[in-house]
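Both ligands and their constituent atoms are indexed starting at 1 by order of listing.
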Amino acid sequence: MRLDRIELREISMQLLEPFETSFGVMRERSIVIVSAEADGLRGWGECTAPDAPIFNEEFAAGAWLVLEQHLAPAILARDLTDPTEAAPTLGHVRGHRMAKAAIETALWDLLARKAEVPLWRLLGGERAAIACGVSVGLKPTEVSLLESVERELDAGYQRVKLKIAPGRDVAPVRAVRARFGDIALSVDANAAYTRSEPRALLELDALGLVMIEQPFAPGDLLDHAWLQSRIQTPVCLDESIVDERTVRQALELDAARIVNIKLGRVGGHGAARRIARRCSDAGTPVWCGGMLEAGIGRLHNAAIASFAPFSLPGDVSDSRRYWARDIVSPRPTVGPDGVMQLSESAGIGAEVDIEYLDRITRRRVVLTS
Ligand code: OSB
Ligand code: MG
């Protein structure tokens, strides 16, 4: 598969509502979109790096430079037979996994379109429908939090995750538990806590949560293991899980009993599959996380979530929760049973709305071999 060209675009999209986490508020997103072209077909990928380097080290404008100057030229110079060769081809660039995943996922979509099969089937997915949960951002008041959770439960989501931050944790989570009873509930701290102030985390252990996601800093596997040895609730790692080595060490240390896999954070579908298999071999459930993706990224998430080891409902939710209009058609939706049906169409299962994409494109560059 020799590519004719790679196109990079930076688009700007406004979230329907601000999304607040312990690391800040996201209102609009600059998103880098990659398309890879060969034989008259186009595959699409979406870079999940946020505007600022606040979740991990990556950010959209930085990903653009790495893609334009290092990753796209390396891919264009090679004749790849399979998207699994993308990772080794880009191995000389350290890190920048979200930028790498943007190209790698575009190659998978391209190959699936060429083979005229749905991407989820090409990846070895085993279910045509995936169970969906939602992530609810920090809210200014308890009333608005309860309203948001009620809306998501009415929509049918199978698991609700609440963002927490120091001082905004035990009381709001307890209020949700008291109001809605025995729902599948989890929390996500986005690394906002430290081992020296664990009290809130220990108190949350009494609330019957499905998991506590990433309480400590990404590199802090030992402190996560320390917490796991003191609580019954499974610790889930998100930011920490960047590659196979870290996941192996986390499992060996008992620093995580559940793993959130994000396509961008691990570098694409190939790495996500290997990490998922490793976890499932160890008996550790995994699920597919999200980064407030637009339609292309959301459909890639849905495709990997169909892979058997993804046994828990992920953060792959309805595109209409985040965007007034999406860049793909049909847009990814979730039914009243909290299930997303996967398409039998080739590739990611939807067409990119080029007219809309053009309208929200802030810059564009075409690279050729
Ligand atoms: O930690 O899972 C996270 C959004 C942005 C950055 C980090 C995270 C999130 C979410 C939202 O929780 C998941 C989604 O609905 O896309
Ligand atoms: Mg998280």
>> To check you understand the geometry: which heavy-atom pair defines the closest contact between Ile212 and Leu201, and what is its length?
In response: CD1-O, 4.0 Å

>> Could you check whether any side-chain N or O of Arg331 sits under 3.5 Å from a backbone N or O of Ser319, counting only pairs where one atom can act as donor and the other as acceptor?
In response: yes

Polar pairs, ligand 1 vs protein, N/O only, below 3.5 Å.
{"from": "ligand 1", "atom 1": "1 (O)", "to": "Lys163", "atom 2": "NZ", "distance (Å)": "3.0"}
{"from": "ligand 1", "atom 1": "1 (O)", "to": "Asp188", "atom 2": "OD2", "distance (Å)": "2.9"}
{"from": "ligand 1", "atom 1": "1 (O)", "to": "Asn190", "atom 2": "ND2", "distance (Å)": "2.7"}
{"from": "ligand 1", "atom 1": "1 (O)", "to": "Asp238", "atom 2": "OD2", "distance (Å)": "3.1"}
{"from": "ligand 1", "atom 1": "1 (O)", "to": "Lys262", "atom 2": "NZ", "distance (Å)": "3.3"}
{"from": "ligand 1", "atom 1": "2 (O)", "to": "Lys161", "atom 2": "NZ", "distance (Å)": "3.0"}
{"from": "ligand 1", "atom 1": "2 (O)", "to": "Asp188", "atom 2": "OD2", "distance (Å)": "3.4"}
{"from": "ligand 1", "atom 1": "2 (O)", "to": "Asp238", "atom 2": "OD2", "distance (Å)": "3.4"}
{"from": "ligand 1", "atom 1": "2 (O)", "to": "Lys262", "atom 2": "NZ", "distance (Å)": "2.9"}
{"from": "ligand 1", "atom 1": "12 (O)", "to": "Ser135", "atom 2": "OG", "distance (Å)": "2.8"}
{"from": "ligand 1", "atom 1": "12 (O)", "to": "Lys161", "atom 2": "NZ", "distance (Å)": "3.4"}
{"from": "ligand 1", "atom 1": "12 (O)", "to": "Lys163", "atom 2": "NZ", "distance (Å)": "2.9"}
{"from": "ligand 1", "atom 1": "15 (O)", "to": "Tyr322", "atom 2": "OH", "distance (Å)": "2.5"}
{"from": "ligand 1", "atom 1": "16 (O)", "to": "Met291", "atom 2": "N", "distance (Å)": "3.3"}
{"from": "ligand 1", "atom 1": "16 (O)", "to": "Leu292", "atom 2": "N", "distance (Å)": "2.8"}

> Would a distance-only check, ignoring hydrogens and angles, find a side-chain to backbone donor-acceptor pair under 3.5 Å from Lys114 to Asp39?
Replying inline: no

> Does Glu10 pair with Arg363 as a salt bridge, N-O distance under 4.0 Å?
Replying inline: yes

>> Atom CG of residue position Asp154 - does it have more than 12 heavy atoms of other residues, nucleotides or ligands inside 6.0 Å?
In response: yes

> With distance as the sole test, does Arg127 use its side chain to make a donor-acceptor pair with the main-chain N or O of Ala305 at under 3.5 Å?
Replying inline: yes

>> More than 12 heavy atoms of other residues, nucleotides or ligands under 6.0 Å from CD of Gln69: yes or no?
In response: yes

>> Around atom CZ of Arg2, are there more than 12 heavy atoms from other residues, nucleotides or ligands closer than 6.0 Å?
In response: yes

>> Do Leu8 and Leu76 sit in one hydrophobic cluster, given that two such residues count as connected whenever their side-chain heavy atoms are within less than 4.5 Å of each other, even indirectly?
In response: yes

>> Ignoring waters, how many N, O or S atoms from the protein are under 2.8 Å from the Mg ion (ligand 2)?
In response: 3

